[in-house]
Trainee: 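Have a look at this one before I ask anything.
Small disclaimer: the values here were computed from a predicted structure and weren't measured.
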Amino acid sequence: MAAPGSRGRSLSGLLPAQTSLEYALLDAVTQQEKDSLVYQYLQKVDGWEQDLSVPEFPEGLEWLNTEEPISVYKDLCGKIVILDFFTYCCINCIHLLPDLHALEHTYSDKDGLLIIGVHSAKFPNEKVLDNIKSAVLRYNITHPVVNDADASLWQELEVSCWPTLVILGPRGNMLFSLIGEGHKDKLFLYTSIALKYYKDRGQIRDDKIGIKLYKDSLPPSPLLFPGKVTVDQVTNRLVIADTGHHRILVVWKNGQIQYSIGGPNPGRKDGIFSESTFNSPQGVAIMNNIIYVADTENHLIRKIDLEAERVSTVAGIGIQGTDKEGGAKGEQQPISSPWDVVFGTSGSEVQRGDILWIAMAGTHQIWALLLDSGKLPKKNELTKGTCLRFAGSGNEENRNNAYPHKAGFAQPSGLSLASEDPWSCLFVADSESSTVRSVSLKDGAVKHLVGGERDPMNLFAFGDVDGVGINAKLQHPLGVTWDKKRNLLYVADSYNHKIKVVDPKTKNCTTLAGTGDTNNVTSSSFTESTFNEPGGLCIGENGQLLYVADTNNHQIKIMDLETKMVSVLPIFRSENAVVDGPFLVEKQKTLPKLPKSAPSIRLSPVAVCAGQTLQFQLRLDLPSGSKLTEGVPSCWFLRAEGNEWLLQGQMPSGDIENISSQPTISLQIPDDCLSLEAIVSVSVFLYYCSADSSACMMKAILFSQPLQITDTQQGCIAPVELRYVF
């Protein structure tokens, strides 16, 4: 069916009638009165001489979650349609999604309702379909989404902000618009009465729309959109927010899981590990076997006690808050989309780690949770458990100010603490202003470091430019981490797919790693490395390693700041791990990827015959005074690529527990040999520390042993010694 005549296509055509309706609704008392007012409004709008018609979706647009492109005037006739104009970086758009999910659970396309996401990008990176795919998965969007990369629909309708909802009638006729978040009651009211009104007139059809979910085509992965990572400086364990699996992982530094808490589905439950659930957790901080979690979509701060193996709630009430001041006890204080957390110290200078700083993305502020009684700068003594705003007016701005409450942030998403002089500040990745800012721990003053521009209202000053201060440009940075050893700040420049480094003394910002390409290169030099919207990062191994949550590649990457090499941390489980969430890879030990720097030694061929046993004796020497790292198993792996029949029924891997008593690896040649030549490889991974434990390392080596398999019975074969000095 062709689009009918139009009386003007912009949303401004709805404004007079809808404004009158909303004023009338303010005076309505009962639900019946409200329903009647909306019904009468629809009678008026439906009786206009010409419909206020929405334009057709332009041809050639990219679609997700559908079998084929959708046409307003061919496929959506007889449906009440909600167009959600959104951009996936926007916290307000994220806040709206639970309302849309609830509406979809109430009404289906069989009832006559369909929601379509119209993605209208703010940042250039958000125009790329693969990045929108990742967001659709990350936020569990199951309705159709169209990539309106050039914002053609946005411009034709004169949409002015994210998010904007436009409700259409069964002829593609515009009925209502809702701007911003927080309109759930109106959304349900307008939708339910529109369905009733047009059903009464026989204009609603119950045919189904062809939905094909993008998520159904993906293979399983041990990590799904990991948002943040932090390191336990005492044990060198990593804590990973496995955001897409709605769980927290505690892993040894070789990637072996010690604890998996929560998942696979979102939820909000405290208790023992096997019962606890999270909803898209982001920031994590660990100290003394206690982990604090920014449980973002639950609007909570959670506490994980690794010794008691219990999860509890320490801040938030489980629904999105609008309070921009705070001051109540944590569990009574509503909060909004906490995105990162980091430990700090109160003004007493006696206790350490008695404040939890919170990047409160939902209200564009920096908050504090008092883990013990103490003082904030320019504040009176506060009692334990108090949760309150520290900096930020709550207005979405790039405004710096000596008075913390007059400063403005724009979706702060990453925090790092530099407590030592002369810095004494929090560094903030302020994502929507594309800046990095600092907040003084002495007086709360908010200052600019790099990115953005001087106009505090301009949130579109983004780019990818190395430079000094305001001349440097970033694109939606989500993470920062402070390198105390070098006095440098590392930045996850998320939408540029790079890791950058900032010298806060000179304000010089340069690219450290990442080409800007999103193709996943798993092992490379810094200059050849790739990332895909990295969301968080942290410093470990006494300043040698930088761990990066490479979010859209579903990996944790390891940047060695000394060798300038990047590798992938393998995530695997052991049989005694406390794992309550999903683990979607095989149970046998996973062969880690050998670093490019690992030596490869080809041994002289050995003649063997069927039934014989060949033994490999490890003879590896560590640097003087070194010792194997406790709690992190060094290991060996046996492989026969292309001749896997050699290893049937054999032990393919094992641990190395003591460097002074190294294992002997046995390989029995099968009775039925499928080839007369083969190469067996032995990969060894050693995790060791210096005698004073000031530095810990991982070294690997590959031994390749060619085999010549004969029919002639051989005598006793001498063990093959695998020697190497690291």
Trainee: Has T530 got a side-chain atom pairing as donor or acceptor with V521's backbone, closer than 3.5 angstrom?
Mentor: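 Confirmed, T530 side chain pairs with V521 backbone.
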Trainee: Please test V314 against L356 for side chain to side chain contact (heavy atoms under 4.5 Å, CB included), starting from the C-alpha separation and ending with a verdict.
Mentor: CA-CA 11 Å; V314 293; L356 189 72; 5.8 Å; no
Trainee: Judged by atom type as modelled, is there a donor-acceptor pair below 3.5 Å linking the side chain of N236 to the main-chain atoms of W252?
Mentor: no
Trainee: Between Q411 and I91 (side chain of the first, backbone of the second, donor and acceptor by atom type, cut-off under 3.5 Å), is there such a pair?
Mentor: yes
Trainee: Checking K228 side chain against G535 main chain: does a donor-acceptor pair fall under 3.5 Å?
Mentor: yes
Trainee: State, yes or no, whether a side-chain contact exists between N496 and N125 at a heavy-atom distance under 4.5 Å.
Mentor: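 Contact flag for N496/N125 side chains = no.
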Trainee: Just so I know, are the side chains of T435 and F409 near enough to count as touching, which here means a heavy-atom distance under 4.5 Å?
Mentor: no
Trainee: Counting only heavy atoms not in N288, do more than 12 fall under 6.0 Å of its CG?
Mentor: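 Open: at most 12 neighbouring heavy atoms sit under 6.0 Å from CG of N288.
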Trainee: Hey, does the side chain of K498 reach the backbone of Y495 with a donor-acceptor pair shorter than 3.5 angstrom?
Mentor: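 No; judged by distance alone, with no hydrogens or angles, the pair does not exist.
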Trainee: Check the orientation of F390 and W357. Use parallel for under 30°, tilted for 30 to 60°, and perpendicular for over 60°.
Mentor: tilted
Trainee: Please collect all salt bridge (Lys or Arg N to Asp or Glu O under 4.0 Å) contacts where either partner lies in residues 281-300, sequence neighbours excluded, each pair once.
Mentor: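 Pairs touching residues 281-300 that pass the test: D295-R302.
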Trainee: Mind checking whether I355 and F343 have side chains closer than 4.5 Å, heavy atoms only?
Mentor: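 When only atoms from C-beta onward are counted, F343 and I355 do not touch, as no gap falls below 4.5 Å.
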Trainee: Give a yes or no on whether the backbone of P412 and the side-chain of S431 come within a donor-acceptor separation of less than 3.5 Å.
Mentor: no
Trainee: Ignoring hydrogens and geometry beyond distance, is a side-chain donor-acceptor pair present between D340 and Q282 at under 3.5 Å?
Mentor: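 No donor-acceptor contact under 3.5 Å links the two side chains.
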Trainee: With distance as the sole test, does D483 use its side chain to make a donor-acceptor pair with the main-chain N or O of G543 at under 3.5 Å?
Mentor: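 No: the side chain of D483 does not pair with the backbone of G543.
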Trainee: Quick one: do R310 and D305 make a salt bridge, cutoff under 4.0 Å?
Mentor: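 Salt bridge absent between R310 and D305.
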Trainee: Report the residue from N520, N519, T515 that forms a side chain to side chain donor-acceptor pair (under 3.5 Å) with D517.
Mentor: N519
Trainee: Could you check if a side-chain atom of M360 sits within less than 4.5 angstrom of a side-chain atom of R389, using non-hydrogen atoms only?
Mentor: no
Trainee: Side chains of R437 and K447: does their closest heavy-atom pair fall under 4.5 Å?
Mentor: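 With C-beta onward as the side chain, the pair stays apart.
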Trainee: Between the side chains of T510 and D466, is a donor N or O closer than 3.5 angstrom to an acceptor N or O?
Mentor: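 Judged by distance alone, the side chains do not pair up.
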Trainee: Taking the side chain as everything from C-beta on, heavy atoms only, tell me whether Y259 gets closer than 4.5 Å to E309.
Mentor: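 Yes, at least one pair of side-chain atoms sits under 4.5 Å.
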Trainee: Within the 4.5 Å heavy-atom criterion, are V491 and C509 side-chain neighbours or not?
Mentor: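 When only atoms from C-beta onward are counted, C509 and V491 do not touch, as no gap falls below 4.5 Å.
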Trainee: Check for a donor-acceptor pair, side chain of N395 on one end and backbone N or O of G408 on the other, with a separation under 3.5 Å.
Mentor: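 It does not hold such a pair.
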Trainee: If we ignore angles and hydrogens, is there a donor and acceptor under 3.5 Å between the side chains of H476 and E432?
Mentor: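 E432 and H476 do have a side-chain donor-acceptor pair below 3.5 Å.
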Trainee: S438 side chain to C425 main-chain N or O, any donor-acceptor pair under 3.5 Å?
Mentor: no
Trainee: What pairs with Y547 under ring pair (Phe, Tyr, Trp, His ring centres under 6.0 Å), at least two apart in sequence or on another chain?
Mentor: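 Testing Y547 for ring pair (Phe, Tyr, Trp, His ring centres under 6.0 Å), a comparison that skips the adjacent residues, returns none.
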Trainee: Can you find a pair of side-chain heavy atoms, one from W482 and one from N487, that are under 4.5 Å apart?
Mentor: yes
Trainee: With salt bridge (Lys or Arg N to Asp or Glu O under 4.0 Å) as the criterion, how do D464 and K500 come out once you've worked through the C-alpha distance, each side chain's angles and the decisive distance to 0.1 Å?
Mentor: CA-CA 10 Å; D464 184 8; K500 295 187 176 177; 2.7 Å; yes
Trainee: What residue among T481, I286, L238 forms side chain to side chain contact (heavy atoms under 4.5 Å, CB included) with T230?
Mentor: I286
Trainee: Does the D493 side chain pair with the main chain of Q475, one donor and one acceptor, at a distance under 3.5 Å?
Mentor: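 Yes; at least one donor-acceptor contact below 3.5 Å.
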Trainee: Among F460, W162, F462, which one satisfies ring pair (Phe, Tyr, Trp, His ring centres under 6.0 Å) with F123?
Mentor: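 Answer to the ring pair (Phe, Tyr, Trp, His ring centres under 6.0 Å) test with F123 among F460, W162, F462: F462.
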Trainee: Should D232 and K253 count as an ion pair when the cut-off is N to O under 4.0 Å?
Mentor: no
